[in-house]
Amino acid sequence: MYKIAKENLPALFQLIAEDKELYVPVNNGGQVNFANWTESSQVDLDTLKSVKSPKDAFFPQSENLYTCYKDGKKIQIEPEELQNQNFVVFGMKACDVKGVEVLDKVFLVEPVDTFYAARRAHGTIVAMACHEPEETCFCKVFGIDCANPVADVATWMVEGELYWKALTEKGEALTAAVASLLTDADEAKVEEEKNAIHAIVEKLPYTNLSLEGWNGDVLSEKFDSPVWEELYKPCLACGTCTFVCPTCQCYDIKDYDTGHGIKRYRCWDSCMYSDFTMMAHGNNRTSQLQRFRQRFMHKLVYFPANNDGMYSCVGCGRCVEKCPSSLNIVKVIKAFEKQGGDQ
Amino acid sequence: MQELITRAKELLENGTVARVLGWKAGDLPYNPEPAYFTNAEELKDFVYNGFCGANLSKYMIEASKLEGKTLVCLKPCDTYSFNQLLKEHRVDREKAYIVGVGCKGKLNIEKVKSFGIKGIESVFGAEMTDNADTLTFQTIYGEKTCSYAEAMLERCHVCKGKEHVIYDELIGESKDTKDAERFAEVEKIEAMSPEEKFAFFQKELSKCIRCNACRNVCPACSCRKCVFDSTKFDSAQKANVDSFEEKMFHIIRAFHVAGRCTDCGECSRVCPQGIPLHLFNRKFIKDINELYGEFQAGADAETKGPLTNFTFDDAEPSIVANR
Amino acid sequence: MQRIGVFVCHCGSNIAATVDVKKVVEMVQMEPGVVHAEDYQYMCSEAGQAKIAAAIHEKNLTGIVVCSCSPRMHETTFRTAAERAGLNPYMVEIANLREHCSWIHKDMEEATKKAVILARAAIAKVNLNTPLKPGESLVTKRALVIGGGIAGIQTAIDIADAGYEVDIVEKTPSIGGRMSQLDKTFPTLDCSACILTPKMVEAASHEKITIYTYSEVDKVSGFVGDFTVDIRKKARSVDATKCTGCGVCQEKCPSKKAPSEFNRGLNTRSAIYTPFAQAIPNVPVIDRDACMKFQTGKCGVCEKVCQAGAIDYTQKDEIVTQKYGAIVVATGFDTIKLDNYDEYAYSQSKDVITSLELERIMNAAGPTKGHLERLSDGKHPHEIVFIQCVGSRCSDDRGKSYCSKICCMYTAKHAMLIRDKYPDVNVTVFYIDVRTPGKNFDEFYRRAVEEYGVNYIKGQVGKVIPQPDGKLLVQGSDLLDNKQILKEADMVVLATAIEPEASVRKIATMLTASIDTNNFLTEAHPKLRPVESPTAGVFLSGVCQGPKDIPETVAQAGAAAVKAIGLLAKDKLMTNPCTAKADELMCNGCSTCANVCPYGAISYEEKEINDHGIREVRRVAVVNNALCQGCGACTVACPSGSMDLQGFSNRQIIAEVDAICR
Amino acid sequence: MSIKNEEFRPKIVAFCCNWCSYAGADLAGSSRLAYPADVKIIRVPCSCRVNPMFILRAFEKGADGVILCGCHPGDCHYSTGNYYARRRMTLLFSMLDYIGVENGRTRVEWVSAAEGVKFSQTMNEFVEKIRSLGENVRLGDLRCKN
Amino acid sequence: MSHANNQAEKIKAISGVNPLKCMKCGKCSATCPAFNEMDIKPHQFVSYVQNGDIEALANSKSLWKCLSCFACVERCPRDVQPGRLIDAARQIVVRTKGQTGLAPEEIPELLDSEVPQQLLVSAFRRYRR
């Protein structure tokens, strides 16, 4: 285990950025989001959660796939280059790292998404333990230990010093590259920090949320439940929950006419939108109830059914914080729990 | 609140209304959600406190299609939105039983959190009856306090007043919480150089994730299908691929609601990225007031909107460069 | 995908000298949808049109672009050519390579480049064109004339003579209008009543004409060819079917204090009255405000004396609803109020009068039985001063900016008549200009000066000062002598400006006919369509359109009639297919579009909509194609983009924009 | 007059109403009153047909200036169209100014069918103005730039 | 000539009057109480300014005979307002004459309480600016 003083972090970033792209949480106009690091970036490692999850680093909100243009009467197609430069995402939290694991299940299985795969291959994740978890957090419910992030490198911020521990080969490589700025450290302080975090986690209101009854076996029972009818009503059909979510992976593919060629790009889509999965004949989910149900059934039933019981929620709590109507996955889980209890 | 619940029960029981549209207590002390109640039993979850910022008037579009009347709780500023929707035939007055609820300023939890208050377990001072100047939070990290006024939503600082412009009955006291000039922020931007203006909006809009929360919460954006979702203008977009798109979206959105926007501030309240979206709408309101005479959308349900009206000697567009 | 043919015209050398037409042909062939391109000397010639027709047949073209002169020039030509070749005429677009390109640019390379871009824009548009068909609507063979003055009467007679039913709505108790108030008419000095009364009788007795007097238009809906109008027949309190017009009631009526409207308030009339002896219909009305029976409940004399039993105090306003194909507005004029002209002492002295009041004084049926006398003391005047342009030609806000047109001539008439009948009376006219364009007009004015010795002074009057002895001191300037003149007069006559009858505003609003800042109705075109309103099916007759004298009014009345007849003669109307159209699935029913529609063409229906499986009743906008003129105001007002304009759709215009900005 | 390559040639879209301004442009043409070829005219039935989205769209796709020409107020063929257009454009231009787009990239001019001279003059002035402002970088989609 | 033009422009600028709006009706002269005292009549004033003959105006008696009663301003149907033109011409003359008039502080002691306010105001209009 190594450490580096907080005030030396700019030097660390500088060093990493010399030959790699570096994504860090940056405060822009009062909001913290992961962004490309530059010397003038206002890095913010204190804010617990970035507004958007850092999944952009691997699965950007929009990306070009290819460009086609007319060459005389012929049409030329130019595919977009895959990620070929190494990059580091610094400061991801345990839940967000788990989120990437969820995305892997989608994009790295056959047929492999080459754009995503290239980014995964070139990306190194430096995760950070959550110093002060908040009331909206419920990662423990999904078996995530926010005091012990599992990434290429795990770090802890304790008393003005960042403790650094490489966990994978990629992590070792990065550690070697920045070794000049790191000093050896013992783990005592980190253990203390972990205990403190665990103590806080136990106090969080959602920590003991039960997922009992949520898995692939209960598909039709949940699907047909009258509970949805009540739950969805305040939903405004905006895409906030999906766009801040670290695991939502749906996208749409669109064309843009630049006047001298067509750019085909993909961009995040939201199952909350009325034109989600719109087809020539129309849409297979015509009501907001159906769309609302889709999102939670996917996260809590369909996804685990297809992925060995892995839920596609990581309990980051972003949707809890950001939903304009104060709806969220916790309310859904609780509503079913209550219904179950009542019966 | 108790008065409100008692009255709601009464109206449900005597058949005046078929349901009540209000707020239901959330699982955190600060996240009540808009909800329908159909019987006395359900009403035990009814809540109305400082965190009930949501403007319920837009829900009346759907509620107007339901059988029977809906009792809807509207704060003074929400009633403007209702009137505007009424003007546009989007809601049915006959289907609404409007209870004008008192309002003493609504709270912005993001603001509270920006004061470093986190791990909230409970809140004191946000109830209507508390009449508190200070909010006290019990958190995992100890007791924290902040001023009620400072934790208010932006819109409450420029409060339109205590009057409900449309209602069937009034329950509860209101307080005028205005302590700032409505157009001060707009004026500040107007005074900037073009470069500064551009930089300001570029910075704010670069945060936009096109989640459409602003649009979907907006009572004026009640189109069945938004132009940005349809093929009518070849303008459908789902994400901002280029910085132009967020400008296009926000300018056109503001333009479409110009003269119809009541300045209810919901767009800014719900923006997950804290973009001060009201600055667009308020700019149009300010221009309309200055160029075409004071106009408050939703003040009534009859007056012609400024963009569907004109006078022979309106200002020429060149006034923009000469102001 | 369309199959588009592009035809590039040389226009002799007009285009070809500056634009490399061969290059344009070559370039447009790359454009999506283009399957044919050629150039020719004169595309608009018969040979050129034949080429287009041939290409349409041979290449199965679904759309064509003609790169030629302005569409304002030959769009119709090419559309017709396409139609003859079996292509929908609205599948034709024009790229304006002449007026907008070759004629204004000199550099060939630059002009050619621009020509290609203009052609591309047209191609991009035509790719999105859809065949359009003009709509049809039926024509109701009946006309409404609003206003029963000489303009309305003439129009009605002309339309009726052509065999169509005509209704005249007149708000006063009798037709006749202003002309019936006049004594003599210029420039022939024949008696107004002598030429008007036969017309009134003709109208009244015409089997095709129905006259609603003491009636007003209450409501207008519908559109060209198919208007529905509510006419309010105000309660006359006299049963017209029983009244014999004997006049006894008027004689016996004890309440005789109401000012006579017909005599401009110079004397009074009874509460039950006909405005004048030759009134048509000769059926009196009871002025309920002046009638003792209505005011106090005590009286009822008229009922007692009426042999025919025609008096009916219980009569109520009655609404007649009628359908019309055409509406003619002939609401006429009034003189302006003189409140702003204190300097002329109109309100201070009874002997300062307007010209229209002088008409009544000069008229044998008038308040003085035709004797010229001062209204203050009944004395015979010896010195009369006429002041011209009172309230006309004013650019300040006291009067009207326009010339009232008739004053110069009627003043000459008055001066002449006075000098003729009373040679002892001196007549002085203060004028700014004497305007006498018109047949025999200047000769008429010169006679006043040369034969009748009327004293014309070039200069305006500054003020009129009533003297203690009852005389009027007129202070004016004589610009030719460069003198200020002080003149004692016994009477002063003001050539008061005329303005449209006040009721025209309300009528214009009901008809959605536009009105100018002076309340004159606007013509569809000031020169080429002077008797039509921009609102289809509405025609203008007489002074409601602008100041006019009698011959002009009658001429215009005839013209308006011809236009109306032209409309009524058709069984069906073809409508412009480039109209707005709402997409029911997206319409919010918010009424924003209807609020900006200048033609009232948009209405709302509660309609069951099947929106991708969701069935619900929604309020949706419906455009009346017969009314819509295709301006597009609604399309921009519509926030959802549900309202679109056929032929100029959002996507078409955007395609043009994209093509240009490429 | 040959074009220098390095010279900035703006893209300018002119929306002209069919009844007045388009005819005014025709008159400018038949009177041979030159204006730069940078201006391309789109015919619309009335100035009130021009949606703010068209204007933003033009900028998006690379236009450097957009001008709207219609009948003089009071002369609208449809009697009231240009009054609505006037309000809409005033507000839109004000918003563009507010977000920092250079003043002068947009313009409204009333040109009657008789005003060929005015049309030509207006276009010359407008092109000059856009040339002085340079390329539009604040309101375009970068993907459309070459 | 150019000087005269310049002067005429000045008069137009000071008075805010466009003499071209005049329709030569003579109502100003008809209404003027000082008409007989004037060598150049009020309506002629307008054409003098139109024609740029400011020299003659400056030297005229009329300039100082005008009572500044503004009757012509009130009654002019065309908003030409000869009174304002006269007023402007006076200013030009006064300005070129230099500061020979009274200083403001000298005025109070010269005042007679009987003098009507209106006279004072018109005196100021005429003689000082």
Side-chain angles (χ1 to χ4, degrees), chain A residues 28-31 33 35 46 48 51-52 60-64 132-137 200 203-206 230 233-244 251-252 254 256-257 263 265-270 272-276 288 318 320-328 330-331 334, chain B residues 21 23-24 26-36 42 51 54 56 58-59 62 109-110 113-114 116 118-121 139-141 200 203-207 209-217 224-226 229-230 234 236-242 266 269-276:
Chain A
N28 174 29
Q31 305 290 320
N33 283 287
D46 299 328
L48 184 71
V51 178
K52 277 211 277 185
Q61 181 155 16
S62 61
E63 63 181 320
N64 261 339
E132 287 186 332
E134 293 174 10
E135 73 277 16
T136 50
C137 297
I200 294 166
K203 289 197 252 175
L204 297 175
Y206 292 156
E230 282 317 303
K233 275 191 181 142
C235 177
L236 296 169
C238 73
T240 307
C241 51
T242 36
F243 287 0
V244 298
Y251 60 82
D252 196 2
K254 294 174 106 44
Y256 183 78
D257 183 355
K263 286 203 185 292
Y265 66 98
R266 70 168 165 194
C267 60
W268 295 352
D269 201 348
S270 169
M272 293 289 150
Y273 291 167
S274 57
D275 58 352
F276 180 70
Q288 195 55 31
R318 284 188 178 87
V320 179
E321 288 175 12
K322 296 298 184 186
C323 175
S325 296
S326 300
L327 297 177
N328 55 60
V330 178
K331 281 187 178 169
K334 284 186 171 176
Chain B
L21 175 54
W23 297 267
K24 187 165 93 181
D27 48 3
L28 295 173
Y30 54 77
N31 68 348
E33 69 189 59
Y36 291 97
E42 287 170 2
F51 290 106
L56 300 182
K58 192 175 186 182
Y59 289 97
E62 285 306 312
I109 190 65
E110 297 284 334
K113 290 185 175 173
S114 75
K118 52 185 173 182
I120 297 166
E121 292 172 314
T139 81
I140 299 166
Y141 306 103
F200 174 84
K203 182 169 186 144
E204 287 299 337
L205 291 182
S206 68
K207 293 186 286 183
I209 56 173
R210 276 305 294 282
C211 64
N212 293 319
C214 50
R215 177 188 81 185
N216 290 17
V217 80
R224 291 183 205 282
K225 200 162 187 72
C226 175
D229 287 348
S230 81
D234 283 339
Q237 307 159 5
K238 271 192 176 148
N240 298 321
V241 179
D242 186 272
E266 284 287 88
R269 176 179 74 85
V270 302
C271 179
Q273 291 278 32
I275 304 171

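Letters A, B, ... mirror the listed sequences (proteins, then strands); counts begin at 1.
A:Glu132 places none of its side-chain heavy atoms less than 4.5 Å from the side chain of B:Ile140. When side chains are defined from C-beta on, A:Ser326 does not count as touching B:Tyr30, because their heavy atoms never get closer than 4.5 Å.
Between atom NZ of residue A:Lys52 and atom SG of residue B:Cys211 there is a gap of 10.5 Å, rounded to the nearest 0.5 Å. Note that CG of A:Asp275 and NZ of B:Lys225 are 5.5 Å apart. Values are rounded to the nearest 0.5 Å.
Scanning all heavy atoms of the two residues, the minimum distance from A:Ser325 to B:Pro34 falls at O-CD, 3.6 Å. Between B:Ile209 and A:Phe243, the closest heavy-atom pair is O-CD2, 3.2 Å. Minimum interatomic distance between A:Lys203 and B:Glu121 (heavy atoms only, all atoms of both residues): O-OE2, 4.3 Å. The two atoms that bring A:Cys238 and B:Ala213 nearest to each other are CB-CA, 3.4 Å, heavy atoms only. Nearest heavy-atom pair across B:Tyr59 and A:Lys233 is CE2-O, 3.7 Å. Closest approach of A:Pro234 and B:Glu33 over heavy atoms only: CG-OE2, 3.9 Å.
Using a 4.5 Å cut-off between heavy atoms, A:Lys334 contacts chain B through its side chain alone, with no backbone atom that close. With a 4.5 Å cut-off on non-hydrogen atoms, B:Tyr141 touches chain A through its side chain but not through its backbone. Heavy atoms of B:Glu110 lying under 4.5 Å from chain A belong exclusively to its side chain. With a 4.5 angstrom heavy-atom cutoff, B:Arg269 touches chain A only via side-chain atoms. For chain A, no part of B:Asp242 is nearby; none of its heavy atoms comes within less than 4.5 Å.
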(request) Decide side chain to side chain contact (heavy atoms under 4.5 Å, CB included) for A:Asn328 and B:Asn31; before the verdict, give the C-alpha distance in whole Å, the side-chain angles of both, and the deciding distance to 0.1 Å. (result) CA-CA 10 Å; A:Asn328 55 60; B:Asn31 68 348; 4.0 Å; yes

(request) Go through the steps for A:Asn28 and B:Ser206 under the test side-chain hydrogen bond (donor to acceptor under 3.5 Å, both in side chains), then give the verdict. (result) CA-CA 9 Å; A:Asn28 174 29; B:Ser206 68; 3.3 Å; yes

(request) Before giving the answer on side chain to side chain contact (heavy atoms under 4.5 Å, CB included), spell out for B:Lys118 and A:Leu48 the whole-Å C-alpha distance, their side-chain angles and the decisive distance to 0.1 Å. (result) CA-CA 10 Å; B:Lys118 52 185 173 182; A:Leu48 184 71; 5.7 Å; no

(request) Apply the test side chain to side chain contact (heavy atoms under 4.5 Å, CB included) to residues A:Val330 and B:Leu28: give CA-CA distance (whole Å), side-chain angles for both, the deciding distance (0.1 Å), then the verdict. (result) CA-CA 11 Å; A:Val330 178; B:Leu28 295 173; over 6 Å; no

(request) Test A:Asn33 against B:Gln273 for side chain to side chain contact (heavy atoms under 4.5 Å, CB included), laying out the working first. (result) CA-CA 9 Å; A:Asn33 283 287; B:Gln273 291 278 32; 2.9 Å; yes

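Of all the listed residues (B:Lys24, B:Arg210, B:Glu62), the one sharing the greatest number of non-hydrogen pairs under 4.5 Å with chain A is B:Arg210. Taking chain B as the reference chain and counting heavy-atom pairs below 4.5 Å, the highest number among A:Lys322, A:Glu134, A:Glu135 is found for A:Glu135. Between chain B and the residues A:Pro133, A:Gly30, A:Ser270, A:Pro205, the largest count of heavy-atom pairs under 4.5 Å involves A:Pro133. When the candidates B:Lys238, B:Glu266, B:Lys203, B:Arg215 are compared by the number of heavy-atom contacts under 4.5 Å with chain A, B:Lys238 comes out ahead. Ranked by heavy-atom pairs shorter than 4.5 Å toward chain A, the options B:Thr139, B:Val217, B:Asn240, B:Asp27 are led by B:Asp27.
Of the possible polar contacts, none joining the B:Lys207 side chain to the A:Gln31 backbone as a donor-acceptor pair under 3.5 Å is found.
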